[in-house]
Amino acid sequence: MASSFSPSSSSFFHLTFKNLIIVCIILITTANPVLGSYYYKSIFSFGDSLADTGNTLYNKPNADVGRLPYGETYFHRATGAFSDGRVVLDFIAQAIRLPLLPPYLGNSNKDLKQGVNFAVGGATALDASFFEDRKIWSVTNDSLGVQLEWFKQLLPSLCNPSSNDCHEFLETSLILMGEIGGNDYNGPFFQGRGLEEIRTFVPDVIKAISLVIKALIKEGAVTFMVPGNFPIGCSALYLSLFKSPKKEDYDENGCIKWLNEFSVYHNKFLQKEMAALREEYPSVKTIYADYYNVAMKFYRSPEKLGFKGGALTACCRCKDPYNCNQFFQCGSVDGIVCDDPSTYVNWDGIHLTEAAYKFLADGLMRENYQFFFPENDITTTTAIGRNQAL
């Protein structure tokens, strides 16, 4: 018997052309746009304090980062992360439905098959000897090369290196390579070294990052996310240390132009090296995470984006004009914390608030601010994991 149903008789199934277009848009934007058909079962993170989730605290149990107000917003306790809560790494892990990565140091007895974080506050891309030869002090000796050795020591406990097991394991792993490189410049800048000298460090820094990526490729890793440097000319600590009476030294956002130009200089070298890696390893996915341009959005329009406390002053502060100085520690007894960190971009002078890191992670995963290198040219990809609300 013929059905009495007709499209025109049902409001549920009756779609106008306009509604059909809307449905198509929703389907496209809520799909799972991973890189290709990739699914990440683990994350391994390398880097410095922008990604550290506790390694510094293991090395220095009495460090200020081990006390409140660090961690107050999300964890309600200090975990060793240099923020009031989560960092970009945490948001990425949550977005692809993996647990928050534990720090490598002090977690040798745990099951780390879903990933681990090797990042250490103060870490440099270059080995300590580079700075020792130039009489530049560094915060830690746990450089990117040291973190690579930790990874190699850990790997046999996760897979069998004598077979193809490790390559298969790492094929479903996302490698976060930083942010790294910032401290290679912070130390020299803070110690009064000149811009021209520090610019000569950039090729060496990029080479160090590239060599570690190559070493990880040899171990079987195939997907890398490599962040560029932040616009340091907008950082509260840099603004405090390099104050200038000349109006022309600042851009329309109040950031120091020549320092931001240096960050761009580093990022251009990094992108060029990543393009070279893509040519050398055509089967490897190399993602450039454009921290600089995502961050510039909240420096340009902080109030519009909800940062009513400001973008250039620190939430956890002292009495400096930018609420920080080189010798102030956020966890010290002299620290003053703003009432609502979510309205600030800067947390303690050089690190960001959880709210700013969330904005940054969301921008990387949703707004085409990351770049990977396919067969012929540089194009954009919208996400590195499940496209879901953070």
Side-chain angles (χ1 to χ4, degrees), residues 29-30 32-35 38-40 42-54 70-71 73-75 79-102 114-115 117 119 173-180 182 223-231 234-235 267 285 287-302 305-307 311 315 341-348 350-372 380-390:
T29 57
T30 59
N32 180 18
V34 293
L35 295 181
Y38 233 70
Y39 174 70
Y40 302 111
S42 59
I43 299 175
F44 294 96
S45 171
F46 301 80
D48 57 26
S49 58
L50 297 175
D52 189 356
T53 54
Y70 285 99
T73 296
Y74 183 78
F75 302 102
T79 62
F82 289 75
S83 179
D84 62 305
R86 291 164 290 180
V87 296
V88 171
L89 166 64
D90 296 322
F91 287 110
I92 290 174
Q94 289 179 327
I96 57 179
R97 299 178 187 175
L98 287 172
L100 300 183
L101 268 65
Q114 289 186 296
N117 186 12
S173 299
L174 174 64
I175 309 295
L176 298 183
M177 190 52 60
E179 190 271 348
I180 190 71
T223 307
F224 296 84
M225 178 177 172
V226 188
N229 278 2
F230 282 107
C234 302
S235 168
N267 291 342
K285 295 180 178 69
I287 308 160
Y288 174 69
D290 195 354
Y291 276 18
Y292 185 98
N293 282 305
V294 181
M296 282 307 300
K297 295 181 78 173
F298 50 59
Y299 289 123
R300 291 189 185 104
S301 307
L305 297 172
F307 297 106
C315 167
S342 71
T343 64
Y344 280 75
V345 167
N346 196 290
W347 169 241
D348 61 1
I350 199 162
H351 308 103
L352 305 185
T353 61
E354 178 183 273
Y357 283 131
K358 180 182 183 299
F359 181 89
L360 185 67
D362 197 47
L364 292 175
M365 290 188 283
R366 293 179 182 276
E367 299 181 20
N368 295 334
Y369 279 99
Q370 48 178 307
F371 300 86
F372 76 103
T380 60
T381 182
T382 58
I384 61 167
R386 292 182 177 87
N387 191 4
Q388 61 184 52
L390 294 175

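Because the structure is predicted, anything quoted here is derived from the model rather than measured.
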Those residues at least two apart in sequence (or on a different chain) that pass ring pair (Phe, Tyr, Trp, His ring centres under 6.0 Å) with F224 are none

Between F230 and A295, the two heavy atoms sitting closest are CD2-CB, 3.8 Å

L305 and K297 have their tightest heavy-atom pair at CD1-O, 3.5 Å

Is any side-chain heavy atom of L176 less than 4.5 Å from a side-chain heavy atom of V88?
-> no

**Prompt:** Going by heavy atoms in the side chains, are S83 and Y357 under 4.5 Å from each other?
**Reply:** yes

From the list D90, N117, T79, side-chain hydrogen bond (donor to acceptor under 3.5 Å, both in side chains) with T53 holds only for N117

| query | Backbone N or O of R86 within a donor-acceptor pair of the E354 side chain at under 3.5 Å? | reply | yes

When rounded to the nearest 0.5 Å, the distance separating CG of L101 from OG of S45 is 6.5 Å

- Task: Using a 4.5 Å cut-off on heavy atoms from C-beta on, say whether the side chain of M296 contacts that of C234.
- Result: yes

d(N229 CG, D290 CG) to nearest 0.5 Å is 11.0 Å

- Query: Is there side-chain contact between T73 and W347, with heavy atoms separated by less than 4.5 Å?
  - Reply: no

### Any side-chain heavy-atom pair of L174 and L98 under 4.5 Å
no

Rounded to the nearest 0.5 angstrom, the CD1-CE distance for I92 and M365 is 5.5 Å

Nearest heavy-atom approach of N346 to I350 is OD1-N, 3.8 Å

- Item | Test item: V345 and Y299 side chains (from C-beta on) under 4.5 Å apart, heavy atoms | yes

When rounded to the nearest 0.5 Å, the distance separating CD1 of I175 from OH of Y40 is 10.5 Å

Sequence neighbours excluded, the answer for side-chain contact (heavy atoms from CB on, under 4.5 Å) partners of S49 is F82, H351

In this structure, NZ of K358 is separated from CG of L352 (nearest 0.5 Å) by 14.5 Å

For residues N267 and Y291, is any side-chain donor paired with an opposing acceptor at under 3.5 Å? no

In terms of heavy-atom contacts, S173 and F44 come closest through OG-CE1, 3.7 Å

Output for pair (L89 CG, L100 CG), nearest 0.5 Å, gives 8.0 Å

Exercise for the section: Could you check if a side-chain atom of F91 sits within less than 4.5 angstrom of a side-chain atom of L364, using non-hydrogen atoms only? Expected result: no

Heavy-atom side-chain contact between Y70 and F75 under 4.5 Å = no

- prompt: Between V87 and L50, does a side-chain contact (heavy atoms from CB on, under 4.5 Å) hold up when you go through it step by step?
  reply: CA-CA 7 Å; V87 296; L50 297 175; over 6 Å; no

Minimal heavy-atom distance between P302 and A311, with the atoms involved, is CB-CB, 3.9 Å

Tightest non-hydrogen contact, residues G115 and S42, listed as N-CB, 3.9 Å

